[in-house]
Amino acid sequence: MYDAIPETYTPYEQACSQCIDDLYHTAYLVLVDADAAEKLVTEICVAGVHKYDHLENEAEIRFRLASDLYRRVKRRLWFCTPDTDALPEQLQVLTKQERLIVAMRFSSGVSAAESGRILRLELNEYRKTISEIMRK
């Protein structure tokens with residue numbers, strides 16, 4: 001009797017659904033606390049609805065959500081001292097800041113250039129930093 005109403009998603013909803021796992025993994029790798037990571041990502045996504053719902057470019061939305069995650073994780077990083085035993089051995093030897101940089105690069109779902117931009121590093125400086133961390 002009624003035509004099915006197709007579900008439509010805004011670019012924000014699509015971008016958020018595509019990057020939420022990456023955001024969670026990034027938060028977890030740095031905070032090493034599943035509950036804290038989940039809470040933080042939820043806060044970021046909820047706040048993002050009001051800040052980014054007007055944007056049409058999904059890549060830009062993902063970048064901004066990753067930027068928000070970086071800023072919030074960095075703020076909280078020094079207040080928690082996670083048990084690094086839950087992390088892979090390679091990450092246990094890194095400082096909290098180095099873990100944040102590695103997590104932003106390899107699990108946030110953003111490109112190297114975008115990671116450098118989030119970290120406010122010039123591309124050459126960013127590449128040098130990643131290289132130094134990876135040598136540890």
Side-chain angles (χ1 to χ4, degrees):
M1 180 169 180
Y2 293 101
D3 291 333
I5 299 173
E7 287 190 37
T8 57
Y9 297 99
T10 66
Y12 177 80
E13 291 170 327
Q14 289 176 333
C16 197
S17 70
Q18 290 172 359
C19 73
I20 199 161
D21 287 340
D22 292 337
L23 294 174
Y24 172 77
H25 291 143
T26 301
Y28 179 76
L29 285 173
V30 179
L31 299 175
V32 196
D33 181 333
D35 292 335
E38 185 176 339
K39 182 179 179 187
L40 183 60
V41 171
T42 301
E43 289 172 9
I44 289 166
C45 290
V46 168
V49 169
H50 303 291
K51 294 171 21 180
Y52 309 128
D53 196 40
H54 67 282
L55 297 174
E56 296 293 324
N57 184 326
E58 290 179 32
E60 180 64 20
I61 294 168
R62 286 193 305 274
F63 170 79
R64 290 189 183 199
L65 289 171
S67 295
D68 289 352
L69 177 70
Y70 171 76
R71 282 191 299 281
R72 289 194 186 197
V73 166
K74 189 172 181 182
R75 238 182 276 140
R76 292 181 187 190
L77 199 55
W78 314 118
F79 297 112
C80 66
T81 53
D83 177 16
T84 57
D85 293 344
L87 290 172
E89 187 176 326
Q90 296 86 344
L91 293 177
Q92 291 179 21
V93 299
L94 301 179
T95 67
K96 292 177 183 181
Q97 182 67 25
E98 290 170 337
R99 277 201 327 260
L100 178 55
I101 292 169
V102 169
M104 286 304 301
R105 172 59 189 104
F106 297 107
S107 73
S108 67
V110 296
S111 69
E114 290 171 326
S115 286
R117 195 170 128 207
I118 289 169
L119 298 167
R120 295 188 175 140
L121 296 172
E122 296 293 325
L123 190 55
N124 288 337
E125 183 182 355
Y126 174 74
R127 287 182 177 154
K128 181 181 174 187
T129 302
I130 288 289
S131 294
E132 288 171 0
I133 292 170
M134 299 308 282
R135 275 184 280 212
K136 284 190 172 189

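The residues of the chain are indexed from 1 along the displayed sequence. Just the heavy atoms: all of them, side chains too, but no hydrogens, waters or symmetry mates, feed the values below. Remember, it's a predicted structure, so these values are computed and weren't measured experimentally.
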How far apart are the closest heavy atoms of Pro11 and Leu55, and which atoms are they?
CB-O, 3.8 Å
More than 12 heavy atoms of other groups within 6.0 Å of Glu60 CD
yes
Between Tyr28 and Glu38, is there a donor-acceptor pair closer than 3.5 Å when you use the side chain of the first and the backbone of the second?
no
So, for Ile44 and Tyr12, which heavy atoms are closest and what is the spacing to 0.1 Å?
O-OH, 4.2 Å
For the atom pair CD1 (Ile101) and CD1 (Ile133), what is the distance rounded to the nearest 0.5 Å?
4.5 Å
CD of Glu58 to SG of Cys16: how many Å apart, nearest 0.5 Å?
11.0 Å
As an exercise, state the distance from CD of Gln18 to CD1 of Ile61, rounded to the nearest 0.5 Å.
10.0 Å
Interatomic distance, CD1@Ile130 vs CD@Glu98, rounded to 0.5 Å, equals 10.0 Å
Evaluate Tyr126 against Ile118 for side-chain contact (heavy atoms from CB on, under 4.5 Å), listing each step before the verdict.
CA-CA 10 Å; Tyr126 174 74; Ile118 289 169; over 6 Å; no
When every non-hydrogen atom of Leu119 is compared with those of Tyr70, the smallest separation belongs to CD2-CE1, 3.0 Å
Does atom CZ of Arg71 have more than 12 heavy-atom neighbours, drawn from other residues, nucleotides or ligands, at distances under 6.0 Å?
yes
Heavy atoms only: give me the nearest Ala103-Leu29 pair and the separation to one decimal.
CB-CB, 4.1 Å
Can you see which heavy atom on Leu100 is nearest to which on Val30, and at what distance?
CA-CG2, 3.6 Å
Heavy atoms only: give me the nearest Leu23-Leu69 pair and the separation to one decimal.
O-CD2, 3.5 Å
Gap separating the SG atom of Cys19 from the NE2 atom of His25, nearest 0.5 angstrom:
12.5 Å
How far apart are the C-alpha atoms of Cys45 and Tyr52, what are their side-chain angles, what is the distance that settles it, and do they pass the side-chain contact (heavy atoms from CB on, under 4.5 Å) test?
CA-CA 10 Å; Cys45 290; Tyr52 309 128; over 6 Å; no
Under the side-chain hydrogen bond (donor to acceptor under 3.5 Å, both in side chains) rule, collect the residues that match up with Arg117, sequence neighbours excluded.
none
Checking Lys39 against Asp35 for the side-chain contact (heavy atoms from CB on, under 4.5 Å) test, could you report, in this order, the C-alpha distance in whole Å, the side-chain angles of both residues, the deciding distance, and whether it holds?
CA-CA 6 Å; Lys39 182 179 179 187; Asp35 292 335; over 6 Å; no
Residue list, salt bridge (charged side-chain N to carboxylate O under 4.0 Å, His left out) with Lys51, at least two apart or on another chain:
Asp68
Interatomic distance, Gln14 atom CD to Arg62 atom CZ [nearest 0.5 angstrom]:
10.5 Å
